[in-house]
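Only this structure's heavy atoms are used, side chains among them; waters, hydrogens and symmetry mates stay out. Numbering of ligands and ligand atoms starts at 1, following listing order.
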Amino acid sequence: MRLEGVWLRYHRRGPWVLRETDVAIGPAEVAVVLGRNGVGKSTLLQLAAGVLPPTRGRVVDRPATVGWVPERFPADQPFTVGAYLTAMARVSGLSAADADRAVRRWVDRLGLARFHGVRLPQLSKGTAQKVGLAQALLRPPGLLVLDEPWEGLDAAARDLVPEVIGEVLADGGAVLVSDHRGETVRLPGARHWSVAEGTVTEAAPSGGAATVVVELSVPAAGAAAAVARLRADGHHVLRIRDAAAPPPATRPDSGSPSTAGAVPGSGAGQSGERGRPDPAEVPVSGGPDVDEAPASGAPGRPGPAPEVAR
Ligand SMILES: Nc1ncnc2c1ncn2[C@@H]1O[C@H](COP(=O)(O)OP(=O)(O)OP(=O)(O)O)[C@@H](O)[C@H]1O
């Protein structure tokens with residue numbers, strides 16, 4: 001999706017909030033929109049989502065299904081949570097059966113089951129925000145736009161946001177998210193769009209931020225082939241360990257022998273060596289700390305070995 005030469009002002013003679021904006025985001029990409037209060041982050045997100053039409057310019061190649069989570073969920077509507085989500089699912093084009101399934105799934109996932117029959121105006125701010133998140137995900141979005149999605153959420157629900165974003169990315173969706181709480185660190189690999197004085201600029205990725213550690217698990221019998229495939233694709237295999245063994249608590253010492261290519265059962269890197277990193281492959285500084293792999297921030301579910309960086 002691209003914004004091409006987009007300008008926006010709210011009133012005919014009002015000030016331009018955004019001028020000559022050209023940004024693009026592709027499938028499976030996430031961009032975090034940053035900037036101080038009132039610079040136009042929400043405005044940019046609404047343009048991207050199609051909630052606001054540009055005053056000048058155009059938005060092209062917007063995916064057919066857009067999930068939009070506003071900063072404040074408009075809870076002053078006379079529906080129960082269940083009725084509202086079902087109606088939103090049907091409006092998005094799901095059949096009655098699919099709508100029921102989708103509502104059940106997201107109500108369970110976001111811990112909304114006990115609010116199913118509660119009317120929206122009676123919800124707390126955090127619960128209303130969860131309903132706002134649920135309605136955007138009922139149909140898998142090709143573009144998910146989240147305006148300060150962490151706002152008002154409790155710790156458990158905050159953890160769900162990067163998890164859900166990872167799932168949308170894994171399905172090939174694009175994600176735009178604004179953030180003034182610094183939660184962005186939970187989104188390794190995100191692009192950063194900075195809004196200031198009516199213009200949007202993309203910050204170049206800084207040093208190690210361009211690399212993330214992805215944890216995944218594979219059947220032991222297929223590990224050798226998986227490692228070979230990952231290497232052939234240009235990925236950097238950091239370590240292989242038994243799924244049952246916990247990840248090391250501290251950074252491995254740099255004098256340990258090389259086992260990064262060792263696969264259980266392959267004859268190399270057995271027993272005492274397995275699970276220890278190749279000092280030549282683990283970045284010493286400036287890159288991701290292998291032992292502090294972002295379990296909650298990695299795009300995908302946390303899982304056991306092997307650990308792979310790209
Ligand atoms: N509906 C509107 N009508 C008129 N002006 C508006 C409207 N919505 C926003 N503005 C103005 O546009 C500018 C940008 O607002 P916007 O909400 O996009 O900023 P923001 O960066 O998201 O702010 P915050 O971080 O406080 O959420 C502000 O000056 C705001 O007052």
message: Treating Arg62 as the side-chain partner and Ala48 as the backbone partner, does any N or O pair qualify as donor plus acceptor under 3.5 Å?
response: yes
field: Closest approach of any protein heavy atom to atom 10 (N) of ligand 1, naming residue and atom
entry: Tyr10 CE1, 3.4 Å
For atom 16 (P) of ligand 1, the protein heavy atom that lies nearest, with its residue and separation: Thr43 OG1, 3.7 Å
field: Atoms in ligand 1 with a heavy atom of His11 nearer than 4.0 Å
entry: 4 (C)
- request: Write out the residue and atom name of the closest protein heavy atom to atom 23 (O) of ligand 1, then the distance separating them to 0.1 Å.
  value: Gly38 N, 2.8 Å
- line: Nearest non-hydrogen protein atom to atom 19 (O) of ligand 1, with distance, is Gly40 N, 3.2 Å
statement: Ranking Lys41, Glu151, Arg9 by closest non-hydrogen atom to atom 25 (O) of ligand 1, top hit is Lys41
- request: Verify, without hydrogens or angle tests, whether Ser178 (side chain) and Glu148 (backbone) share a donor-acceptor contact under 3.5 angstrom.
  value: yes
message: Tell me whether atom 30 (C) of ligand 1 lies less than 4.0 Å from at least one protein heavy-atom position.
response: no
- request: Please verify whether a non-hydrogen atom of Glu71 lies at under 4.0 Å from ligand 1.
  value: yes
- request: Looking only at protein heavy atoms, identify the closest one to atom 17 (O) of ligand 1 and say how far it is in Å.
  value: Ser42 CB, 3.7 Å
message: Quick test: of every protein heavy atom, which one is nearest to atom 26 (O) of ligand 1, and how far off is it to 0.1 Å?
response: Asn37 ND2, 3.3 Å
task: State which residue, out of Leu146, Val175, Asp179, Leu176, fulfils the side chain to side chain contact (heavy atoms under 4.5 Å, CB included) condition with Val32.
output: Asp179
- prompt: With a 4.0 Å cut-off on heavy atoms, does Gly35 reach ligand 1?
  reply: no
- request: Run the contact test for Arg36 against ligand 1 with a 4.0 Å cut-off on heavy atoms, strictly below, and give the result.
  value: yes
